[in-house]
Peer 1: 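Supplied in structure tokens, the structure appears directly below.
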Amino acid sequence: MRAQRNSSRGYSLIELLTVMAIIGVLSLITVPQFISFQRAGKMKTALRNLTMDLRTLRQKAITQNVWTRVVIAPAATESTSSRTYTFTQSADRGTTWTALPMRGGFGGSTTNVVGQGSGNVKELERAVFFQTMTGYQNGVIIFQPNGTVGTWDTGTSAFVTVTGTVVLRTQWNVANNQITLTIAPSGQIHTAAIHV
């Protein structure tokens, strides 16, 4: 009787090295693209959250018959303060302002975990910050009960409607790393993205 030969054999060293080289080349191509995609996603998320918050503020002003405002502190570079924006409301036409809790906010006596709680402070995604603002004095955007948007003119001590802009920026080298939000006096928000 003949002994049966076992025909199974392992992979050779050359075959293993070839597969590892192919995986390495694919990693060099796909990992940077994935990182760029992830960073661009953070920029889009920051834009979506900010526009949603601005629309929510306008809606609260209309439905609750109060003035609402958001205060932003833009800066040339990213910092905690240049990522943060704060919400307040006034029932006496801007004489006194009180904290306006927003879903997902933090601060006050609520949790300090970003994305949880209902405080009156929010932060943009990490590495995304407010770079500049035009039209709004002292970084203040005010929404009136009739739906109009403007700012507080410190010279005349009165509310004025303006078309203003808010620029979001990231230092990452991704497509559309700067987004400009233009807010019309009627409350419409338009966006334009560029790479700088």
Side-chain angles (χ1 to χ4, degrees), residues 27 29-61 68-89 97 99-108 110-143 149-152 162-196:
S27 296
I29 295 169
T30 58
V31 169
Q33 292 299 324
F34 175 75
I35 291 170
S36 179
F37 177 75
Q38 180 188 29
R39 289 177 175 175
K42 285 188 179 258
M43 192 71 170
K44 289 176 187 174
T45 299
L47 173 64
R48 182 176 50 248
N49 289 341
L50 177 62
T51 55
M52 186 172 53
D53 289 338
L54 292 174
R55 288 180 178 133
T56 300
L57 271 183
R58 183 173 182 266
Q59 189 63 35
K60 282 183 185 281
T68 58
R69 76 177 178 183
V70 61
V71 179
I72 297 170
T77 59
E78 184 206 355
S79 66
T80 302
S81 63
S82 68
R83 284 195 318 266
T84 305
Y85 51 114
T86 307
F87 309 97
T88 53
Q89 64 184 353
W97 293 92
L100 175 59
M102 294 286 281
R103 184 174 180 205
F106 63 95
T110 62
T111 179
N112 278 332
V113 178
V114 176
Q116 295 181 7
S118 59
N120 71 318
V121 179
K122 282 194 172 182
E123 260 187 28
L124 296 172
E125 295 283 323
R126 295 266 183 219
V128 180
F129 61 98
F130 296 105
Q131 185 178 35
T132 58
M133 290 180 76
T134 59
Y136 302 110
Q137 292 189 14
N138 301 320
V140 176
I141 304 171
I142 299 174
F143 298 86
V149 182
T151 193
W152 191 258
V162 294
T163 297
T165 62
V166 178
V167 177
L168 296 180
R169 177 90 159 87
T170 182
Q171 299 293 344
W172 288 328
N173 187 20
V174 295
N176 302 327
N177 61 355
Q178 179 175 303
I179 300 173
T180 302
L181 283 83
T182 304
I183 307 169
S186 63
Q188 289 182 327
I189 300 172
H190 300 280
T191 61
I194 62 170
H195 181 79
V196 291

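The chain is numbered in sequence order, starting from 1.
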Peer 1: Would a 4.5 Å heavy-atom cut-off, applied to side chains only, mark W172 and K42 as touching?
Peer 2: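 Contact flag for W172/K42 side chains = yes.
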Peer 1: Which atom names give the shortest non-hydrogen contact between H195 and V174, and what distance separates them?
Peer 2: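 Where H195 meets V174 most closely, the heavy atoms are ND1-O, 2.7 Å.
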Peer 1: Verify, without hydrogens or angle tests, whether N177 (side chain) and Q171 (backbone) share a donor-acceptor contact under 3.5 angstrom.
Peer 2: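 Here the side-chain-to-backbone pair does not exist.
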Peer 1: Please give me the minimum heavy-atom distance between Y136 and V140, naming the atom from each residue.
Peer 2: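 Taking Y136 first and V140 second, the nearest heavy atoms are CB-O, 3.4 Å.
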Peer 1: Between L124 and N49, is there a side-chain heavy-atom distance shorter than 4.5 Å?
Peer 2: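 Of all side-chain heavy-atom pairs linking L124 with N49, none is under 4.5 Å.
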Peer 1: Please tell me if the side chains of I183 and I141 come closer than 4.5 Å, counting only heavy atoms from C-beta onward.
Peer 2: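 Yes, close enough: below the 4.5 Å cut-off.
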Peer 1: Using every non-hydrogen atom in the two residues, find where E78 and R126 come nearest and quote the distance to one decimal.
Peer 2: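 The answer is OE2-C, 4.2 Å.
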Peer 1: Please check this pair: side chain of R58 against backbone of S186, looking for a donor-acceptor N/O pair closer than 3.5 Å.
Peer 2: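 Looks like yes, one N/O pair under 3.5 Å.
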Peer 1: Any idea which heavy atoms bring T56 and M102 closest together, and the distance?
Peer 2: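 Nearest pair, atom of T56 first, then M102: CG2-CE, 3.8 Å.
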Peer 1: Can any side-chain N or O of N120 pair as donor or acceptor with the backbone N or O of F87 at less than 3.5 Å?
Peer 2: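 Between the backbone of F87 and the side chain of N120 there is a qualifying donor-acceptor contact (under 3.5 Å).
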Peer 1: Which heavy atom of A184 sits nearest a heavy atom of V149, and at what distance?
Peer 2: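 Looking at all heavy atoms of both residues, the closest pair is O-CB, 3.9 Å.
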Peer 1: Nearest 0.5 Å, what's the CG-CG distance between L181 and L50?
Peer 2: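 Between L181 CG and L50 CG, I get 5.5 Å after rounding to 0.5 Å.
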Peer 1: Side chains of V167 and F130, heavy atoms from C-beta outward: is any pair under 4.5 Å?
Peer 2: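 Not touching, per the 4.5 Å side-chain cut-off.
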Peer 1: Atom CD1 of I189 and atom CE of M52: how far apart are they, to the nearest 0.5 Å?
Peer 2: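 So the CD1 of I189 and the CE of M52 are separated by 11.5 Å.
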Peer 1: Main chain of P74, side chain of T132: is a donor-acceptor contact present, judged purely on distance under 3.5 Å?
Peer 2: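 No.
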Peer 1: Let me confirm one number: the OG1-CZ distance from T170 to R39, rounded to the nearest 0.5 Å.
Peer 2: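 Rounded to the nearest 0.5 Å, the OG1-CZ separation comes out at 8.0 Å.
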Peer 1: Is any side-chain heavy atom of I72 less than 4.5 Å from a side-chain heavy atom of M133?
Peer 2: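 Yes, close enough: below the 4.5 Å cut-off.
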Peer 1: Treating E123 as the side-chain partner and R83 as the backbone partner, does any N or O pair qualify as donor plus acceptor under 3.5 Å?
Peer 2: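 It does not hold such a pair.
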Peer 1: Find the distance between CD (Q38) and OG1 (T45) and round it off to the nearest 0.5 Å.
Peer 2: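 OG1 of T45 is found 10.0 Å from CD of Q38.
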Peer 1: For the side chain of T165 and the backbone of T180, is there at least one donor-acceptor N/O pair under 3.5 Å apart?
Peer 2: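 No, T165 side chain to T180 backbone: no donor-acceptor pair under 3.5 Å.
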Peer 1: Hey, what do you get for CG (L57) to CD1 (I142), rounding to the nearest 0.5 Å?
Peer 2: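 CD1 of I142 is found 11.5 Å from CG of L57.
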Peer 1: Find the distance between CD1 (I179) and CD (Q131) and round it off to the nearest 0.5 Å.
Peer 2: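 Reported to 0.5 Å precision, the distance equals 12.0 Å.
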Peer 1: Might you point out which heavy atoms bring P32 and S27 nearest each other, and give the distance in Å?
Peer 2: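 Heavy atoms of P32 and S27 come nearest at CD-O, 3.9 Å.
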Peer 1: Is the side chain of T151 donor-acceptor paired with the backbone N or O of Q137 at a distance under 3.5 Å, no angle test?
Peer 2: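 Confirmed, T151 side chain pairs with Q137 backbone.
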